[in-house]
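This report refers to the structure that appears directly beneath it.
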Number of protein chains: 2
Amino acid sequence: MSSSSNEYVVKVKAGSEIMAQIMADQSGKSSESNVATSKKIRKKRSKKQQGASVSNKGTTSSGKRVGIREIARQAGVSVATVSMVLNNNPKITEATRQKVNKVIDRVGYRPNRLAQSLSGRYTRVISILMPTLRHAMADPYFGELISGICDRAARLGHKVMLEHAKPDFIRERRHIELFERRFVDGVLCIGFNDRHAFMKDFIENDHPMVVVNNMFPQWGLDHVVCDYRSGAEQVMTYLQQLGHKKIGLVHGAPEVFTAREIIEVYKRRMTTVTGGFDTSWMADGRFTEEHGAEATKKLLEAHPDMTAIFASNDKMAMGAIHYANRHGRSVPSDLSIVGFDDIQYTAFVNPTLTTVHLPLYELGVLACERLVERIRGKSERVREVLPTHLVLRESTSLAASYAPGVG
Amino acid sequence: MSSSSNEYVVKVKAGSEIMAQIMADQSGKSSESNVATSKKIRKKRSKKQQGASVSNKGTTSSGKRVGIREIARQAGVSVATVSMVLNNNPKITEATRQKVNKVIDRVGYRPNRLAQSLSGRYTRVISILMPTLRHAMADPYFGELISGICDRAARLGHKVMLEHAKPDFIRERRHIELFERRFVDGVLCIGFNDRHAFMKDFIENDHPMVVVNNMFPQWGLDHVVCDYRSGAEQVMTYLQQLGHKKIGLVHGAPEVFTAREIIEVYKRRMTTVTGGFDTSWMADGRFTEEHGAEATKKLLEAHPDMTAIFASNDKMAMGAIHYANRHGRSVPSDLSIVGFDDIQYTAFVNPTLTTVHLPLYELGVLACERLVERIRGKSERVREVLPTHLVLRESTSLAASYAPGVG
DNA sequence: CTGAAAGCGCTTACAG
DNA sequence: CTGAAAGCGCTTACAG
């Protein structure tokens with residue numbers, strides 16, 4: 001075991017170098033179309049194929065993949081007929097269909113989808129476009145949406161591609177290129193805000209696109225979204241029922257429509273209750289744990305008598321609890337905290353988080369469905385709202401007026 | 001505002017119905033190739049195009065997309081020349097190149113990549129294959145890997161597709177179809193275990209594939225992986241330095257190689273320290289919070305004198321803390337808990353989690369890089385290990401012998 | 001260094 | 001209901 005562990009050390013060393021290299025290698029030389037390399041590979045491949053003249057499934061004895069023409073020959077019909085069988089064209093007799101299908105199964109033929117898409121009209125691929133928040137994919141919020149999208153897309157016979165909209169991606173119009181170069185039939189946009197005007201380009205060029213869990217009324221974009229307004233109302237009602245009057249808001253970036261919806265509800269409800277409104281009870285937490293903690297600090301310092309904080313997403317709520325815990329405010333006894341999103345792990349943190357459940361998976365499913373309808377030619381506007389509900393857990397309790405130094 | 005809120009209620013109603021429908025609609029009728037639908041759309045489209053005879057960028061005055069032949073005509077060269085310019089073929093004069101590029105820019109021409117791939121050899125697409133854990137994408141572990149993959153793939157000029165390997169996906173050999181139908185050039189496998197023998201099919205058919213953060217020596221698959229062994233050693237060393245002797249292990253599924261590595265290290269270290277080993281100190285937490293909590297219950301009931309628990313991933317560690325907190329064991333004073341993975345949010349939970357940092361993003365980058373090399377013809381085995389390190393946070397402390405009822 | 005022609009593997013009018 | 005032929009938009013030997 002000691003010798004293998006030695007080997008281990010060596011490997012790890014190598015690993016370290018690789019790590020350094022990975023992070024250093026930021027020189028983005030476009031490695032596309034290196035002609036020289038291509039040629040080398042080509043030679044290698046063809047040699048390999050000659051060697052393996054075993055007639056695998058889907059290949060002729062010469063090692064070449066079998067095409068529609070070979071199927072036609074073996075079935076004793078024309079290629080057009082085979083194509084029609086492949087596409088379930090009703091003009092084909094049941095007898096012919098079976099005859100052809102038998103050959104297809106026997107040979108293990110698979111149509112080349114590049115040829116299909118080139119001749120036909122569809123790529124049967126959709127793309128998920130999202131901003132380049134570092135490690136965006138690792139955010140369960142995005143993950144949940146994407147899970148729904150992928151599952152439904154597979155069921156609808158579509159493939160899903162992932163795309164990060166970096167600044168230069170947009171500048172070079174690569175988002176439009178996705179369509180122009182025939183990569184995709186449609187796009188789903190997640191995580192953008194009012195400053196991302198490029199989204200208008202899709203409709204202007206008549207490319208199917210649906211916004212997921214946000215809305216852009218000013219641009220008339222199709223969207224599916226969760227009911228943020230109702231969720232916020234439920235939070236405010238609940239906090240007020242618990243006797244909270246001094247409620248702070250840690251909100252998300254106001255250039256996001258849904259973030260503004262929460263702000264609006266909060267303002268209105270605070271005005272009703274306290275009979276007046278003051279922006280010093282609000283702070284921008286920019287959707288992250290770090291900034292959520294900072295915003296909480298700001299609020300708590302300005303208003304030590306605050307008894308509850310409403311955070312517009314779970315990550316900021318986690319940041320708020322983190323900060324509160326470390327500054328003499330125990331949650332929920334001294335300070336109630338409510339989140340928004342119902343990210344899975346919030347049921348396992350300490351204290352577990354009271355939050356608004358967003359049906360993100362289902363929203364992903366719906367978005368995918370509507371997009372595919374669009375691709376298939378349906379032209380009605382898409383404007384759908386999915387219901388939300390409050391989930392009561394441990395981070396909230398009855399309001400007790402806070403006495404500094406006692407809590 | 002009250003009228004708009006009325007409208008809102010209506011929308012939400014509709015939403016509820018949709019939700020029900022989404023979840024009910026499990027009848028997977030293959031909606032592919034509905035010929036009738038296709039025709040309708042076709043008509044619609046062509047009409048639209050005639051209407052819009054404004055000469056947009058990239059289209060001729062007749063509304064048709066411009067192709068390589070049109071570029072050749074305008075530049076006064078042959079299509080072959082244009083193609084070579086597009087592919088940076090060194091045979092082309094600088095003068096010709098510029099002349100052609102000028103036309104390309106002016107017209108806004110974008111090569112159709114379906115045609116390119118059909119004629120050429122590459123799709124320039126790779127696929128990420130993962131199991132169908134429900135909401136797998138929402139797991140930050142996968143997310144982090146995928147982030148790395150996507151970022152590097154984009155830089156290498158490749159698109160990324162997402163694929164869930166459901167049982168019937170494999171049964172229908174759709175994983176091989178990915179290559180045979182020319183969807184992708186290569187595949188990255190994440191989250192599989194020894195029972196997923198289908199992974200052998202890729203090498204048998206000579207299709208580029210790299211396993212990400214796991215290994216399958218029995219099948220000789222290429223892989224890139226984090227150094228689980230070293231991570232586990234560090235955890236055991238640290239816990240023993242803190243004076244812990246009664247250490248439990250909540251491990252992951254043993255059909256996963258890396259999970260077995262942790263188990264092995266644990267066993268060996270426990271044997272060294274306690275001078276003997278007993279499986280009652282180990283429990284399977286199956287990588288989830290729920291089962292992690294259950295496993296913790298089992299361990300703690302069997303060994304109330306346990307002072308530390310080593311969990312093989314952060315989610316199980318979260319479950320362990322969750323359970324301990326609710327059963328009179330305060331973390332870390334009564335019970336130290338160590339995780340594995342260093343998922344981002346573990347720095348914000350309460351207590352923050354001591355854990356092993358896995359360079360998952362970097363591993364994703366590396367995996368992508370190695371796969372693309374493979375695709376380009378490099379044939380060396382890929383067998384890389386990236387270093388890991390322990391991150392000390394709040395969930396661990398000096399061992400204090402546990403006195404029931406006192407803690 | 002460049003051009004005319006064949007070919008990638010399908011689909012789709014258009015005749016029969 | 002089926003077949004021969006053109007076409008989708010590129011790339012790549014092969015001649016010049």
Side-chain angles (χ1 to χ4, degrees), chain A residues 32-33 35 38-39 41-43 46 58-60 64-73 75-100 104 107 109-124 180-183, chain B residues 32-33 35 38-39 41-43 46 58-60 64-73 75-100 104 107 109-124 180-183:
Chain A
E32 224 174 318
S33 59
V35 174
S38 299
K39 277 211 184 131
I41 294 162
R42 183 145 318 184
K43 244 181 243 167
S46 47
T59 57
T60 64
K64 216 182 130 205
R65 287 216 59 72
V66 2
I68 199 172
R69 130 180 275 132
E70 174 65 16
I71 300 299
R73 197 185 60 73
V77 298
S78 76
V79 293
T81 305
V82 177
S83 172
M84 285 166 143
V85 169
L86 248 28
N87 292 290
N88 282 319
N89 190 313
K91 287 188 204 158
I92 299 293
T93 335
E94 187 52 33
T96 320
R97 180 187 313 285
Q98 287 189 8
K99 182 172 61 179
V100 173
I104 288 176
V107 181
Y109 164 72
R110 302 283 172 197
N112 179 323
R113 74 117 199 164
L114 292 170
Q116 288 184 312
S117 292
L118 183 60
S119 300
R121 209 150 288 262
Y122 301 115
T123 65
R124 294 259 139 83
E180 293 183 340
R181 298 194 58 197
R182 311 272 340 258
F183 276 105
Chain B
E32 222 173 318
S33 59
V35 175
S38 298
K39 277 210 183 132
I41 294 162
R42 181 143 323 182
K43 244 182 243 164
S46 47
T59 58
T60 65
K64 215 181 132 206
R65 287 216 60 73
V66 2
I68 200 172
R69 132 180 274 129
E70 173 66 16
I71 301 298
R73 197 186 58 73
V77 297
S78 75
V79 292
T81 306
V82 177
S83 173
M84 286 167 142
V85 170
L86 248 26
N87 292 289
N88 283 318
N89 190 311
K91 288 187 205 159
I92 299 293
T93 335
E94 188 51 32
T96 320
R97 181 187 313 286
Q98 287 190 5
K99 181 171 62 177
V100 173
I104 288 176
V107 181
Y109 164 71
R110 301 285 172 196
N112 179 324
R113 74 116 199 167
L114 292 170
Q116 287 183 312
S117 292
L118 183 60
S119 301
R121 209 151 288 262
Y122 300 116
T123 65
R124 294 258 138 83
E180 294 183 341
R181 299 194 56 197
R182 311 272 339 258
F183 276 105

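Proteins come first, then strands; the chains are lettered A, B, ... in the order of their sequence lines, and each starts at number 1.
Side chain of Leu118(B), nearest nucleotide from dT2(D), dC10(C), dG9(D): dG9(D). The side chain of Ser119(A) approaches dG9(C) more closely than any other nucleotide in the set dG9(C), dT11(D), dA5(D). The side chain of Asn87(A) approaches dT11(C) more closely than any other nucleotide in the set dT11(C), dC1(D), dC10(C). Set against dC10(C), dT2(D), dT2(C), the side chain of Ile68(A) has dC10(C) as its closest nucleotide. Side-chain atoms of Val79(B) lie closest to dT11(D) of the nucleotides dT11(D), dT11(C), dC1(C). Which of dG3(C), dC10(D), dA5(D) sits closest to the side chain of Ala80(B) comes down to dG3(C).
Heavy-atom nearest nucleotides on DNA chain C were determined for Val77(B) and for Ala115(B), and the one closer to the 5' end corresponds to Val77(B). Of the residues near DNA chain D, Pro111(B) and Ser78(A), the one whose nearest nucleotide (by heavy atom distance) lies more toward the 5' end is Ser78(A).
Separating the CG atom in Leu86(A) from the OG1 atom in Thr81(A) is a distance of 11.5 Å, to the nearest 0.5 Å. Taken from CZ in Arg181(A) to CZ in Arg113(B), the straight-line distance is 8.5 Å, to the nearest 0.5 Å.
One interatomic measurement links the two molecules: CG of Asn112(B) to C1' of dG9(D), which rounds to 6 Å at whole-angstrom precision. If you measure from atom CD of Gln116(B) to atom C1' of dC8(D), you get 14 Å, rounded to the nearest angstrom. Following rounding to the nearest Å, Met84(A) (CE) and dC10(C) (P) show an atom-to-atom distance of 16 Å. One interatomic measurement links the two molecules: CZ of Arg110(A) to C1' of dC10(C), which rounds to 16 Å at whole-angstrom precision. Look at CZ on Arg69(B): it is 11 Å from C1' on dA5(C), rounded to the nearest Å. Rounded to a whole Å, the NZ atom of Lys91(A) is 13 Å from the C1' atom of dG16(C). We find that CZ of Arg73(A) is positioned 15 Å from P of dG3(D), with the value rounded to whole Å. Residue Glu70(B) contributes atom CD, which lies 12 Å from atom P of dG9(D) at whole-angstrom precision.
Contact annotation for Ser117(A): no contact, since no heavy-atom pair falls under 4.0 Å across all strands. Ile92(B) comes within contact range of the sugar-phosphate backbone alone, with a heavy-atom separation under 4.0 Å but no base atom that close. Among the protein residues, Thr81(A) comes within range of the sugar-phosphate backbone only, with heavy atoms under 4.0 Å from sugar or phosphate atoms but none that close to a base.
For Tyr109(A), a side-chain nitrogen or oxygen approaches OP1 or OP2 of dC10(C) to under 4.0 Å. Between Thr96(A) and dC1(D) there is no side-chain N or O to OP1 or OP2 distance below 4.0 Å.
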Intra- and interstrand pairs of DNA chain C - dot-bracket, Watson-Crick/G-U under 3.5 Å, | marks other strand
|||.||||||||.|||
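Heavy-atom minimum distance, Ser78(B) versus Ala72(B): C-CB, 3.6 Å. Between Ser117(B) and Tyr122(B) the shortest heavy-atom distance is OG-O, 2.8 Å. Looking at every heavy atom in both residues, Arg182(A) comes nearest to Thr123(A) through O-CG2, 3.4 Å.
Rounded to the nearest Å, the gap between the P atom of dA13(C) and that of dG9(C) is 23 Å.
A donor-acceptor distance shorter than 3.5 angstrom exists from the side chain of Asn112(A) to the backbone of Leu114(A), with no hydrogens or angles considered.
The side chain to side chain contact (heavy atoms under 4.5 Å, CB included) with Ile92(A) is formed by just one residue from the set Val82(A), Val85(A), Val100(A); it is Val85(A).
Looking only at atom types and distance, the side chain of Arg124(B) has no donor-acceptor partner in the side chain of Gln116(B) under 3.5 Å away.
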